[in-house]
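None of these values were measured; they are calculated from a predicted model. Hydrogens, waters and symmetry mates play no part in the numbers below; they use all other heavy atoms, side chains included. Convention: sequence-line order gives letters A, B, ...; per-chain numbering from 1.
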Amino acid sequence: MDEIVILSGKGGTGKTSLTAALAQVAQPAVICDLDVDAPDLHLLLAPQRLETHVFQSGHEAAIRPEDCTQCGICAQMCRYDAVIPAQAAPTIDPLHCEGCKVCVTFCPAGAIDWRPRTCGEWYHSRTRFGRMVHAQLYPAQENSGRLVALLRQQAQELARQQRIPLILSDGPPGIGCPVISSLSGASFAVIVTEPTPSGRHDLARIVDLCAHFKVPAGVVVNKYDLSAPRAEEIAADCAARGLALLGRLPYDPAVTAAMVARQTLTEFAPGGLGEQVGRIWQAVAARLGLPQAA
Amino acid sequence: MKIAVASGKGGTGKTTVAASLIHVWPDPVAAMDLDVEAPNLHLFLHPEEIGRCRAFMEIPEPDESRCTFCRKCSDICQFAAVKVLGEVLMVFPEMCHGCGGCLAVCPEGALRPGKRELGEIIWGTAGAAPFIMGRSRIGEAMSPPLMRQVKAHLSRIAPPQIDLIIDAPPGVSCPAVNAVMDADVIVLVTEPTPFGAFDLGLAFKAFAPLGKPMGVVVNRAGIGEDAVYRLCERQKIAVLAEIPYDRAIAEAYAEGRVVADAVPAVRGIVEALARQLQAMDRPAPKEVLHG
Amino acid sequence: MSKIAISCDEPSLDAQVDPRFGRAAGFLIVDPDTMTFTYQENGQAQAMARGAGIQAAETIIRAGARAVLTGYVGPKAFQALSAGGVQIVQDLANLTVRQAVERYKAGDIALAQEPNSQAHGGGGRPGAGMGGGGRGGGGGRWR
């Protein structure tokens, strides 16, 4: 089973538009949206939910005001400034609470509850291109690393059960916890960048992260015609690091038009952008030695 | 006043708006890039570096000679960062969230304060504006601890009375909330597309509990659809500015230029945005005062 | 012979070996001399965002196992198991617990010298992404 994850470092380079189009041309594949914080793949693939599950992760502290003696130890010991002073008894700000249990352990009155934290939902769904596993983290929650791990586990099990040889995942932006969870142990990373200073800077960082976790990677330059010199710099960077250039896509309002039509690039512009996505997929499949490679 | 430039969706133009605001801001202003995983503001402001330092978080360091294998540390740690494995006391530095629980709970002093590198803090000046950014170490999973240190370092390089513009990370989870929580006003940059509208809805939900004034900047206006505007109307959040869809803007960005400088029409738009933001911080006196 | 932990999802010698270590459903703790066993749930590790392998290692060490038979072991779990003096047999699949224990007793399977998975994300694959012909690796920094 191969697991391909689409990443970028910088947000908004076109990960999701590319993933949706690849989901169409790479069939059969289990489709997975690992950007659990701001998931957008569902907007293009219109999944029909088959199962909905609540996602709980970690715990959070809650002070019982009736038992609090206002000794102030919790506030002193909390390293996340999560204890907010108040008239009757302090309260815990869930936005700041890291779930470390220090206040619960050290409260001399035993006045702090330790409750499982409900952080979001995850789904098994059906799309026009096959099965999809996705989620929605509740706003302002953390711990998306575990939700990402859980989605990957679900996708792997589904792929095993249905004997599907491939998992295709839309990854989160950045290079932190959720990206690390998306990347480690994957077969291949497709990195989508753009010929801008930010695109290039963040490409270097995500490539370093792929190297750190020993995941082979290839690069797609989106909007390549925005700046010829930047696109050349990126090509040179890739050559210097022995990274495959998998393909490129032009700066084209059709990408937005496809999104507005809730279609993939391959559905919306089968001859133009769609054909170019097809070539990118051939390059990926060839690198992984997949049977889909022409 | 402090303004955080944020967005649910990445790549909508946060850095474009933040860099442009800094260029046109009428009063003394500082710039802070808190997108420590993918910091980009410096690529447009080209600050002159004054200094940099590595940032660390306190984590435990084991002293096995003192350990009696009582497991109190291992029991309190929620992150599997300290374990007693048979008769070995072991710390996994990458797992630690820096809560200090194990250090406080160990009765034998078998855990000492040590440190893990989070990344670096870099500061300097961009024109007249003090500039500061954080950049996380490759492989570092946690962003908020570095963000907190960047914020704390700001007071050493910028006088407290000047205004501040913050470039926040994308998304609506922990790091994004951490970046905007100290701001007076939150500017949400979006684009009029289905992705832009969906993620803006998430951002409203995530940031509303902070109780701060919010406003929206629609970037690439004219491309796509009007769902973003309908959402703002429903949520009663003002669209403060619209930056038109224009290939010339994208090209200026690609060349590393501050868009408000490169495209005259954008300069006027951002100047008007700056005036509106300043007004949001100084609300008009209430009617009752005149009555 | 001291006790052995085998990753699997039900309390039976005829259960299939679960190739996952950190996120295995549980472990059969078997006395290889008598083939008697207890079942140790791994729920605590499964609930963790990160560090499931470390948590699972602690669980089986506390259960008294001195060897583990499983599929994929990540680097941190490997470090934890080694520290606790647990022998590691990995790369097992398509075997029942009983078959795995018999092979271990017969000295038929090699002890692992290094982790065979980079995975945080659950299953993992043997050597996933290792090597890769230099793709993604090597080279200096750009900035």
Side-chain angles (χ1 to χ4, degrees), chain A residues 8-14 16 35 37-38 40 43-44 58-59 77-80 95 98-102 105-106 137-145 172-180 194-198 201-202 205 208-209 212-213 223 226-227 229-230 251 253 256-257 259-260 262, chain B residues 7-13 15 35-40 43-44 76-79 97-101 104-105 136 138-144 169-177 181 191 193-195 198-199 202-203 205-207 209-210 220 223-225 245 247 250-251 253-256:
Chain A
S8 69
K10 172 172 162 42
T13 57
T16 303
D35 187 358
D37 182 8
D40 288 335
L43 297 168
L44 296 179
H59 291 75
M77 296 200 69
C78 178
R79 300 231 174 146
Y80 309 101
L95 289 181
E98 187 83 7
C100 70
K101 210 181 177 179
V102 166
T105 306
F106 286 92
L137 202 63
Y138 294 148
Q141 286 295 341
E142 55 168 339
N143 230 333
S144 44
I175 62 165
C177 181
V179 177
I180 290 171
E194 60 181 33
T196 66
S198 329
H201 176 267
D202 299 344
R205 288 170 64 74
D208 282 344
L209 192 74
H212 185 92
F213 285 102
K223 312 175 194 170
L226 260 191
S227 164
R230 299 274 171 211
Y251 184 70
T256 305
M259 199 193 287
V260 170
R262 303 293 206 270
Chain B
S7 76
K9 174 170 159 45
T12 54
T15 302
D35 185 0
V36 301
E37 292 179 38
N40 294 146
L43 301 172
F44 299 90
I76 195 175
C77 181
Q78 300 297 301
F79 312 108
H97 286 221
C99 73
V105 84
S136 62
I138 299 293
E140 172 59 50
M142 297 174 65
S143 306
V172 296
S173 67
C174 227
V177 173
M181 61 178 35
E191 57 181 34
T193 66
F195 293 0
F198 182 78
D199 295 349
L202 294 177
K205 278 191 208 148
F207 300 150
L210 299 172
R220 300 186 194 113
I223 202 172
E225 56 178 16
Y245 172 70
R247 191 182 170 104
E251 285 176 353
Y253 178 84
E255 290 313 316

Using the side-chain hydrogen bond (donor to acceptor under 3.5 Å, both in side chains) rule, take A/S227 and B/E255 through it: C-alpha gap first, then chi angles, then the decisive distance, then the call.
-> CA-CA 7 Å; A/S227 164; B/E255 290 313 316; 2.8 Å; yes

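When the candidates A/I175, A/L95, A/L209 are compared by the number of heavy-atom contacts under 4.5 Å with chain B, A/I175 comes out ahead. Listed options B/A176, B/P144, B/P170, B/G139 were ranked by heavy-atom pairs under 4.5 angstrom with chain A; first place goes to B/G139. Per-residue counts of heavy-atom pairs under 4.5 Å with chain A were compared for B/G256, B/G171, B/G98; the largest is that of B/G98. Residue with the most contacts toward chain A among B/D199, B/T15, B/T12: B/D199 (heavy-atom pairs, distance under 4.5 Å). Among A/S8, A/G99, A/P178, the residue with the largest count of heavy-atom pairs under 4.5 Å with chain B is A/G99. Counting heavy-atom pairs under 4.5 Å between each of A/R230, A/E194, A/M77 and chain B puts A/R230 at the top. For chain A, the option among B/P209, B/A206, B/P175 with the highest count of heavy-atom pairs below 4.5 Å is B/A206. When the candidates A/G11, A/C78, A/G9, A/P253 are compared by the number of heavy-atom contacts under 4.5 Å with chain B, A/G11 comes out ahead. Between chain A and the residues B/G101, B/A38, B/G11, B/C99, the largest count of heavy-atom pairs under 4.5 Å involves B/C99.
Side-chain contact between A/K10 and B/E37 is absent, with no heavy-atom pair separated by less than 4.5 Å. A heavy-atom distance below 4.5 Å is not found between the side chains of A/T256 and B/Y245. Two residues are said to be in side-chain contact when any heavy atoms from C-beta on lie closer than 4.5 Å; A/P139 and B/F207 fail this criterion. The side-chain heavy atoms of A/L44 and B/F195, taken from C-beta on, include a pair separated by under 4.5 Å. The side-chain heavy atoms of A/R205 and B/P39, taken from C-beta on, include a pair separated by under 4.5 Å. Between A/T196 and B/L43 there is no side-chain heavy-atom pair separated by less than 4.5 Å.
Contacts between B/S136 and chain A at a heavy-atom distance below 4.5 Å involve backbone atoms as well as side-chain atoms. With a threshold of 4.5 angstrom between heavy atoms, B/E140 approaches chain A through N, CA, C or O but not through any side-chain atom. Only the side chain of B/K9 has a heavy atom closer than 4.5 Å to any heavy atom of chain A. Contact of B/V105 with chain A is made through backbone and side chain together, with heavy-atom distances under 4.5 Å. Heavy atoms of A/T105 lying under 4.5 Å from chain B belong exclusively to its side chain. For A/P195, the part sitting under 4.5 Å from any heavy atom of chain B is the backbone (N, CA, C, O) and nothing else.
Taking CD1 of B/I138 as the reference point, atom CD1 of A/I180 lies at 9.0 Å (rounded to 0.5 Å).
Taking every heavy atom of both residues into account, A/F106 and B/A104 meet most closely at CZ-CB, 3.6 Å. What you find for A/L226 and B/E251 is that their closest heavy atoms are O-CG, 3.5 Å. When all heavy atoms are compared, the tightest approach of B/P194 to A/R262 is CG-NH1, 3.0 Å. Nearest approach of A/L137 to B/S173, heavy atoms of both residues: CD2-CB, 4.3 Å. Looking at every heavy atom in both residues, B/L202 comes nearest to A/D37 through CD1-O, 3.6 Å. Nearest heavy-atom pair, A/Y80 versus B/H97, reported as atom, atom and distance to 0.1 Å: OH-O, 2.6 Å.
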